[in-house]
Structure formats: C-alpha cells, structure tokens
Number of protein chains: 2
Amino acid sequence: MPRRTELLGIAAELFAEKGFTNTTVRDIADAAGILSGSLYHHFDSKESMVEEILTSFQARLFEAYDEVLASDDDPRTKLERVVRLSFEAIDQHRAEVAIYQNDSSYLGGFERFGFLAERNAQMRTMWTDLVREGVAAGVLRQDLDVELVYRFIRDTVWVAVRWYRPGGDLTHTDVADQYLSILLEGISRA
Amino acid sequence: MPRRTELLGIAAELFAEKGFTNTTVRDIADAAGILSGSLYHHFDSKESMVEEILTSFQARLFEAYDEVLASDDDPRTKLERVVRLSFEAIDQHRAEVAIYQNDSSYLGGFERFGFLAERNAQMRTMWTDLVREGVAAGVLRQDLDVELVYRFIRDTVWVAVRWYRPGGDLTHTDVADQYLSILLEGISRA
DNA sequence: TAGGCAAGCAAGCAGTTGCTTGGTAGCGTA
DNA sequence: TACGCTACCAAGCAACTGCTTGCTTGCCTA
C-alpha cells in the first residue's frame with residue numbers, strides 16, 4: 001500500500017474518533033510515527049486530507065447506489081437494497097461515514113467542500129424518488145409526507161455509525177433486517 | 001434577565017451553530033458586545049458555560065419525562081407522550097439539544113462531564129422499559145430487539161434537531177404525528 | 001455622600017495550531 | 001558513480017487559543 005494511502009487511513013481514523021478540528025496534524029503524524037512537517041510532503045493541507053477521504057468514499061458509495069437504481073427491481077426491493085447498502089457502508093467504511101456525519105456541517109461552510117451539499121442533494125433525490133415510486137406502485141402508504149419519511153430514514157440509517165461496532169454481536173445485516181422490519185411494518189402488534 | 005443568563009444564551013447559540021471547540025471565548029464575547037476577558041467575571045471557564053447549559057436543560061427535560069412515567073397512562077400512551085415531549089424539547093430548546101447531540105461525545109471524555117453518561121444511561125433505561133412494557137402489555141410486537149428499537153427511536157428523534165426549524169411549515173406536533181405514525185404502523189400499505 | 005458591587009476594559013502571557021523552509025538519508029537506475 | 005526520487009527530519013514562525021491581572025466605570029443604597 002502506498003504511503004499516501006496509509007496516511008489517509010490513519011488520518012481518517014483520528015478524524016472519525018475525535019472530529020476534524022480536534023485532530024491536529026501532530027496527532028496524525030504521531031500515529032504514523034513521523035514528524036508533523038513530514039505530512040506536508042504528501043499533502044497540501046489538513047483540509048486536502050479530509051477532502052480526499054470524503055470524495056473517494058462518496059464516489060464508491062454512489063456507484064453502488066446507482067447500480068441498484070439502474071436495476072429493474074420493484075420500488076420496494078430497491079428501497080430495501082439501498083437501506084442494506086447503507087448499513088453495509090457503515091460496516092465497511094466506519095471512519096468515512098463518521099466523518100461525514102460529524103464534520104460535514106462544519107466543512108460544508110468552505111467553498112472547496114461544496115461537493116458535500118451536492119451529494120446531499122443527490123442523496124435526497126434518490127430517497128424521495130424511491131419513496132414516491134413506492135407510493136405510486138401502491139406498496140407504500142398514500143398519506144406519507146415524503147420529505148419527512150426521507151429525513152427519518154436518512155437520519156436513522158447514518159446515525160447508526162455512532163453505536164454500530166463491526167465485529168460485534170450484531171452484523172450489519174442483522175441491523176438492516178430489524179430496521180427494515182420496523183420501518184415497513186411498524187412496531188405495533190398486528 | 002440577569003446578565004449571566006443572557007450570556008449563557010448567547011454562548012449556547014454559538015456552541016450549537018459551530019460546535020463547542022470551534023467556538024472561541026472571543027466569539028462569545030464579540031456576540032455579547034464585550035471583551036473576551038470580561039466573560040471571566042461571570043464564568044470560571046468555557047467548559048463551565050457548557051456544563052451549566054447542559055445540566056440545567058437536562059434537569060428540566062427529565063423532570064418532564066418523570067411526570068409522564070409517573071402517570072397511570074398505558075404503555076403505548078406513555079411512549080407517545082415521551083416522543084412528543086422530545087420533539088417539543090427540540091422546538092423549544094434547539095441550541096441545548098444541538099450541543100448535546102454534537103458535542104457530548106467529546107465532552108464526555110472529561111471527568112466533570114460524567115453526568116452526560118449518567119443521563120444517557122437514564123435515558124436508555126427509560127426507553128427500553130417503555131418498549132418492554134409495551135411488549136408485555138401486548139400492544140407492541142413480541143419479536144422486537146428492544147435495544148435496537150431504543151437506538152432507532154433515540155437517534156431519529158434527537159437527530160431531527162439538525163433539520164427541524166422552529167417557526168417553519170412543520171410544527172413539532174406535525175413532526176411527532178408523522179414519526180409516531182411511521183414508527184407504530186410502518187410505511188407499508190396495509 | 002460614601003461605600004460596595006456588578007460589569008467591563010486594556011494588555012498580555014503561555015501554550016497550541018497549521019504550515020514553511022532548507023536540508024538529508026536511502027534506494028533504484030542509467 | 002552520478003543522478004533523481006521518495007520519504008523524512010529539525011527548527012521555527014505567525015496566528016490563534018483559553019485565561020489572568022490590575023484597573024475603571026456607573027449604579028444602588030445606607
């Protein structure tokens with residue numbers, strides 16, 4: 001693995017754990033076993049590190065989403081697959097998701113991180129379209145506030161990164177199963 | 001209003017907006033129209049400001065929770081009331097909830113903020129007990145993973161502080177209605 | 001009208017921050 | 001053996017951080 005990639009991984013872990021601004025370049029350098037100045041041989045700035053971490057993660061994530069959306073599955077299946085994909089992303093890219101969850105509101109304030117808002121809009125379109133298709137197809141309730149349903153799903157799925165631990169008792173599939181069951185059927189007794 | 005209270009309000013808004021560590025004492029002083037050093041006439045430290053903000057908020061919140069729990073409502077009604085109370089707290093104490101959401105993992109690392117973990121445990125007991133009572137009473141599904149249901153509810157409710165805007169189109173009651181409807185009945189067509 | 005007090009100013013200190021500069025060690029290759 | 005490249009070191013700078021100190025101002029009240 002190229003040193004550059006290695007360093008990005010170390011930085012991502014620290015950003016996820018302590019937050020972007022609370023992580024100093026000296027923290028990253030210490031964890032890598034080098035001096036802080038040496039980091040600037042590999043990267044322009046601390047910001048360019050997060051930028052690279054987030055963009056490459058999002059690129060992979062949306063590629064996976066697009067594959068589902070392009071399929072000819074029915075709306076409900078697509079919705080399920082997208083939820084499962086998201087929990088899988090939390091499992092396999094914990095640090096990246098955590099950074100996205102915790103620091104994107106701060107980072108979004110800088111021009112160079114405008115792509116965050118774009119991806120958010122893309123995400124919103126994806127979810128609301130899926131819900132609307134489900135309603136149109138008659139598999140989802142007609143009285144839903146699509147925008148609210150989108151927010152509830154998005155929040156519950158992504159915030160799970162705060163408590164989900166890869167390798168624990170619950171697999172990401174377990175979590176997705178339970179969540180989909182609750183989301184689709186509710187918690188009331190039939 | 002005492003100057004002290006006024007300053008806490010200003011600080012809370014800034015903490016909520018930019019995060020605790022990203023808010024400098026000079027930011028707070030500027031917003032209050034005084035010099036940074038003058039803040040120390042009112043408070044020991046920046047940390048004691050957040051501490052006071054969070055403890056007083058949580059005290060009021062749990063007081064309201066306790067009233068519901070002590071009532072003789074049935075489990076499902078209690079669950080509904082607690083959800084509604086939480087959305088109401090987001091509406092009326094946006095800044096405090098936002099600080100609690102965004103900075104408690106960082107603050108929790110300091111000894112003086114141990115009360116955050118205690119309140120978290122208290123919150124967890126409250127929710128899981130409510131769900132278990134609902135299951136026992138036969139109004140909630142028997143196959144629920146109580147711990148997971150608790151996490152999903154907690155996350156969805158509190159993270160709403162990120163997008164809910166008091167005075168907007170949706171009242172906190174609207175949001176609570178929709179969420180309870182989804183949570184209890186699911187989004188699938190009956 | 002003298003005393004006490006809440007509120008704030010002016011100046012600065014020590015530590016931390018992201019980042020820069022000029023240099024070097026080691027390795028592969030021509 | 002000279003060259004170029006990757007990876008890093010050593011030292012430090014300017015800006016910013018939370019906080020301290022000694023002092024002043026204006027108001028209330030006894």
Side-chain angles (χ1 to χ4, degrees), chain A residues 1-55 95 99 102-113 116, chain B residues 1-55 95 99 102-113 116:
Chain A
M1 179 155 62
R3 188 63 168 145
R4 185 190 176 76
T5 313
E6 212 171 343
L7 293 172
L8 280 181
I10 292 170
E13 285 300 326
L14 288 170
F15 289 157
E17 195 185 323
K18 326 188 344 172
F20 175 70
T21 46
N22 282 327
T23 303
T24 70
V25 293
R26 283 171 182 80
D27 287 339
I28 302 171
D30 284 354
I34 59 178
L35 289 183
S36 67
S38 307
L39 277 178
Y40 291 83
H41 171 72
H42 301 275
F43 306 97
D44 282 346
S45 65
K46 198 175 101 170
E47 285 183 10
S48 73
M49 294 190 216
V50 219
E51 185 178 347
E52 198 164 330
I53 291 167
L54 288 176
T55 50
I99 297 168
N102 298 328
D103 294 309
S104 72
S105 96
Y106 168 75
L107 295 172
F110 301 93
E111 218 173 312
R112 75 183 294 180
F113 289 95
L116 288 172
Chain B
M1 181 154 61
R3 188 59 167 148
R4 186 190 174 76
T5 313
E6 211 171 343
L7 293 172
L8 279 181
I10 292 170
E13 284 300 326
L14 289 169
F15 290 156
E17 195 185 323
K18 326 188 346 173
F20 176 70
T21 46
N22 282 327
T23 303
T24 71
V25 293
R26 283 172 181 80
D27 287 338
I28 302 171
D30 283 354
I34 60 178
L35 289 183
S36 68
S38 307
L39 277 178
Y40 291 84
H41 171 74
H42 302 275
F43 306 98
D44 282 346
S45 65
K46 199 175 100 170
E47 284 182 11
S48 73
M49 292 190 217
V50 223
E51 185 178 345
E52 198 164 331
I53 290 167
L54 289 176
T55 50
I99 297 168
N102 298 328
D103 294 310
S104 71
S105 96
Y106 167 75
L107 294 172
F110 302 93
E111 218 173 313
R112 74 184 295 180
F113 289 96
L116 289 172

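Just so it is clear: chains get the letters A, B, ... in the order the sequence lines come, proteins before strands, and each one is counted from 1.
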For B:Ser36, report the nucleic acid contact type (base, sugar-phosphate, nothing); a contact means any heavy atom under 4.0 Å. base

With a 4.5 Å cut-off on side-chain heavy atoms, are A:Arg4 and A:Glu52 touching? yes

A:Asn102 side chain reached by A:Phe15 side chain, heavy atoms, under 4.5 Å: no

Could you state the interatomic distance from CG (B:Leu116) to CG (B:Asp103), rounded to the nearest 0.5 Å? 10.0 Å

In whole angstroms, the gap separating C1' of D:dT21 from CG of B:Leu39 amounts to 16 Å

Measure NZ/A:Lys46 against C1'/C:dC19 and give the value in whole Å, please. 12 Å

Residue met sooner reading DNA chain C from 5', once A:Thr24 and B:Arg4 are mapped to nucleotides: B:Arg4

With a 4.0 Å cutoff (strictly under), does any side-chain N or O of A:Tyr40 reach OP1 or OP2 of C:dC19? yes

Distance check: side-chain N/O of A:His42 vs OP1/OP2 of D:dC8, anything under 4.0 Å? yes

Rounded to the nearest Å, what distance is computed from the CG atom of residue B:Leu35 to the P atom of nucleotide D:dG18? 15 Å

Separation of D:dC19 atom C1' from B:Ile34 atom CD1, nearest Å, is 14 Å

Residues in residues 12-23 of chain A with a heavy atom under 4.0 Å of DNA chain C, by number, are A:Thr23

Looking at every non-hydrogen atom in both residues, tell me the closest pair between B:Tyr40 and B:Ser45 and how far apart they are. CE2-CA, 3.9 Å

Using five pairs at either end of the helix from C:dT1-D:dA30 to C:dA30-D:dT1, determine the angle between the two local helix axes and round it to 10 degrees. 0°

With a 3.5 Å distance limit and no angle check, can you tell me whether A:Asp27 reaches the backbone of A:Thr24 through a side-chain donor-acceptor pair? yes

Side-chain heavy atoms of A:Arg3 within contact of A:Leu7, under 4.5 Å: yes

Between B:Leu39 and B:Ala29, the two heavy atoms sitting closest are CD1-N, 4.0 Å

Rounded to whole Å, CZ of A:Arg26 lies from C1' of D:dG12 at a distance of 10 Å

Let me know the distance between CG of A:Asp44 and C1' of C:dT21, rounded to the nearest Å. 16 Å

N or O in side chain of A:Ser38 less than 4.0 angstrom from D:dC9 OP1/OP2: yes

Mind calculating the distance between NE2 (A:His41) and P (C:dG23) to the nearest angstrom? 17 Å

In this structure, how many angstroms lie between the C1' atom of C:dA7 and the CE atom of B:Met1, rounded? 16 Å

Could you tell me which non-hydrogen atom of A:Thr23 sits nearest to which non-hydrogen atom of A:Leu14, and how far apart they are? OG1-O, 3.2 Å

Looking at B:Arg3, does any N or O in its side chain come under 4.0 Å of the phosphate oxygens OP1/OP2 on C:dG8? yes

Would you call A:Glu51 and A:Phe113 a side-chain contact if the rule is heavy atoms closer than 4.5 Å? yes

